[in-house]
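Single-structure report; data block below.
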Amino acid sequence: MNFSSFNLHDDVLTGINSMGYNSPTPVQEQAIPLILDQKDMIACAQTGTGKTAAYLLPLIDKISHGNFDHTSTLILVPTRELAKQIDEQVEGFGYFASVSSIAIYGGNKGDDWDQQKRALTTGADIIIATPGRLLSHLAMGYVKLDQLNHLVLDEADKMLDMGFMDDLLKIINQLPKQRQTLLFSATMPRKIRDLAQQILKDPAEINLAVAKPAEGIDQRIYLTYDNQKLPLLEHLLRELDVQSMIIFTSRKSNVNQIVRSLLKIGFTAEGISSDMTQDEREKALQGFKNKQYQIVVATDILSRGIDIDSLSHVVNFDMPQDAEDYVHRVGRTARASSTGVAITFVNEKDMFRVQKVERLIEREVPKLPLPEDFGAAPAYDPTKRHDGGSHRQRSGNRPGAGGRDKQHRSKHHREGSKPRHADEGSKRPVKAANHTPRPRPEGGGDKAAVAGEGGGEKRRKRNNRNRNRGAAGQGPKEENQPAS
DNA sequence: AAAAAAT
């Protein structure tokens, strides 16, 4: 199957080609026809499944060939980084279709407010926004939404988690009722179903089984107390051949501490958390993508949506909240090459999450013993659930009652994990091996932005429907597949 | 329970 079977217009297909995409992912196969068909949709799909392109491509097609002369599409996302990334993808996919976009988010010093205001006033085709900043603009009254025909909620569960429910509803209430609404979420808790019921009409449902991490990924769990994590990390780093690594931690306060410790033992590293300025955040992310740093240490800010390829290692310094997040993070390795290492530190409070992960990926993750001299680790007890400080007791389940020691635990190594087909879980199409990034056409459009530099906001909106296709088959930019 | 997000 390839993209030409979707009845997309040529200028969109050219954009797809220039981005190095070949064949649609499962979510794209399902979603694109539905979206072209003007259906509302609720999709359970996580990052890395090609979700972003699944909605961008049909929307770009409709925008480019529809009768809109200002903003027709609003995409709401939880983090600024995600807004920026999606904006860049629109730029790539929509270049030949002359679809304009603007990322609307806060946190930037300087003149970006005026720039955003201009784009909102003249009506960029697609607005990609975090809720807070968009609401500020909406309050000023110059945002033209009367032609708003498509609304996308991306990472909807994350947005609700972050307390955006009220903001979302405030925004949605200002949109025309007659519209197509698409909701994407990695998990489908009750709250999401309720929201969907409120804002979607007779939605089609897509449920994508979680893409299990490829067989080539070496997944390991270490059971540790919190105070053992940093020494353990340093110890492991001395043994690993790190090309590029992301370390996820659930606490901002850990970020600097970990970075310092990495620098101390000779790695190049940067942190990313909301404690940093937006400028610093973007520099750190860009520097990592450019291989300027070997390691980036991030909070949950990067837990969803951000597309970074070809990691050699992922470390979950803290166990992720959702099993889906674990799968997504781990899946970031072993993409460029066929091998990758994913290491997760699990403390005594997070053990119950291990089973959730193992159920989701349908295999057991080896629990490795701590190195010599590290002292005793907490005993593995997946039934032990941190109960948020209530006094509820579980009968007969005292911590450590099983008396397993670390030697015992290491025995889990790969035993009992189900054999799987070699290609299972790696159904994503792979970027064309011979795809070479092509330079952006000079003057081929006013969307010219410095490729991959933090100055994406320099982009001006493009409202000109008379496209200039004389750009001699030049692709808009380098991008990896699959994106989400 | 912490994180992110408007100023």
Side-chain angles (χ1 to χ4, degrees), chain A residues 47 75-86 103-117 120 127-143 153-171 174 186-187 189 226 229 246-258 271-282 284-285 296-306 316-322 324-326 328-329 345-353 356 384-390 392 457:
Chain A
T47 311
I75 301 172
L76 294 171
V77 297
T79 64
R80 299 166 183 170
E81 274 75 8
L82 186 53
K84 185 164 189 262
Q85 178 183 288
I86 294 171
I104 299 286
Y105 55 80
N108 270 315
K109 47 186 191 307
D111 65 345
D112 70 325
W113 174 276
D114 287 337
Q115 202 156 0
Q116 293 176 3
K117 179 179 175 183
L120 292 172
I127 296 172
I128 306 115
T130 50
R133 177 54 80 95
L134 180 62
L135 273 176
S136 305
H137 281 293
L138 285 173
M140 308 296 285
Y142 47 69
V143 186
L153 303 184
D154 203 348
E155 305 288 357
D157 52 345
K158 190 79 184 166
M159 287 200 281
L160 292 202
D161 233 35
M162 286 164 61
F164 279 150
M165 185 59 145
D166 285 354
D167 287 355
L168 291 181
L169 294 177
K170 269 184 216 155
I171 294 169
Q174 302 187 44
T187 61
D226 283 343
K229 287 181 174 180
I246 297 187
I247 299 174
F248 290 102
T249 175
S250 59
R251 285 182 153 77
K252 288 191 279 193
S253 57
N254 283 342
V255 171
N256 272 335
Q257 201 186 0
I258 296 172
I272 295 183
S273 82
S274 65
D275 274 358
M276 301 162 58
T277 66
Q278 191 57 28
D279 195 46
E280 290 170 330
R281 276 159 63 163
E282 288 176 11
L285 188 56
V296 69
V297 183
T299 57
D300 261 0
I301 199 170
L302 290 193
S303 78
R304 289 283 182 87
I306 301 304
N316 293 308
F317 193 85
D318 302 296
M319 186 74 179
Q321 302 295 323
D322 291 318
E324 284 81 3
D325 287 340
Y326 173 92
H328 170 227
R329 292 178 189 181
F345 297 167
V346 180
N347 69 16
E348 67 276 24
K349 290 173 191 157
D350 290 332
M351 287 186 189
F352 73 98
R353 300 185 202 273
K356 285 189 175 178
K384 188 175 164 191
R385 191 187 171 106
H386 186 54
D387 61 3
S390 91
R392 200 158 42 86
E457 287 72 44

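Since this is a predicted model, take the numbers as computed values, not measurements. Order of the sequence lines fixes the chain letters, A, B, ..., with proteins taken first and strands second; residue numbering starts at 1 for each chain.
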Nearest to the side chain of Gln321(A) - dA4(B), dA1(B), dA5(B)? dA1(B)
Report the distance from atom CG of Asp350(A) to atom P of dA1(B), rounded to the nearest whole Å. 12 Å
How close or far is atom C1' of dA2(B) from atom CE of Met319(A), stated in whole angstroms? 16 Å
Looking only at N and O atoms, is any donor in the side chain of Ser274(A) or the base of dA4(B) less than 3.5 Å from an acceptor on the other one? no
Separation of Asn108(A) atom CG from dA4(B) atom P, in whole Å? 16 Å
Please give, in whole Å, the distance from dA3(B) P to Glu81(A) CD? 16 Å
Is there side-chain contact between Arg281(A) and Ile301(A), with heavy atoms separated by less than 4.5 Å? yes
Below 4.0 Å: OP1/OP2 of dA6(B) and any side-chain N or O of Thr130(A): yes
Which nucleotide wins on minimum distance to the side chain of Thr299(A), given the candidates dA4(B), dA5(B), dA1(B)? dA4(B)
Whole-Å distance, Ile104(A) CD1 to dA5(B) C1', equals 15 Å
At 4.0 Å (heavy atoms only), tell me whether Ser136(A) reaches a base, stays on the sugar-phosphate, or touches nothing. base
May I ask you to evaluate whether Arg281(A) reaches the phosphate of dA4(B), defined as a side-chain N or O under 4.0 Å from OP1 or OP2? no
Whole angstroms only, please: what is the CZ-P distance between Arg353(A) and dA1(B)? 11 Å
Any ion pair linking Asp157(A) and Arg304(A) (charged N to carboxylate O, less than 4.0 Å)? yes
Do the side chains of Arg353(A) and Asp322(A) get close enough for a salt bridge, i.e. N-O under 4.0 angstrom? no
Has Lys84(A) got its NZ or CZ under 6.0 Å from the middle of the six-membered ring of Tyr105(A), at an angle within 45 degrees of the ring axis? no
Nucleotide dA6(B), atom C1' - distance to NZ of Lys170(A) in whole Å: 11 Å
Taking any heavy-atom pair under 4.0 Å as a contact, classify Gly107(A): base, sugar-phosphate, or nothing. sugar-phosphate
Contact class for Asp167(A) vs. all strands (heavy atom < 4.0 Å): base, sugar-phosphate, or nothing? nothing
Examine dA4(B): is either OP1 or OP2 under 4.0 Å from a nitrogen or oxygen in the side chain of Arg80(A)? Give yes or no. no
Touch class at under 4.0 angstrom, heavy-atom based, for Ser303(A) against every strand present: nothing
Under the 3.5 angstrom rule, does the side chain of Asp325(A) hit a backbone N or O of Pro320(A) as a donor-acceptor pair? no
Round to a whole Å and report the spacing from NZ of Lys158(A) to P of dA4(B). 9 Å
Using OP1 and OP2 only, check whether a side-chain N or O of Lys349(A) sits under 4.0 Å from dA1(B). no
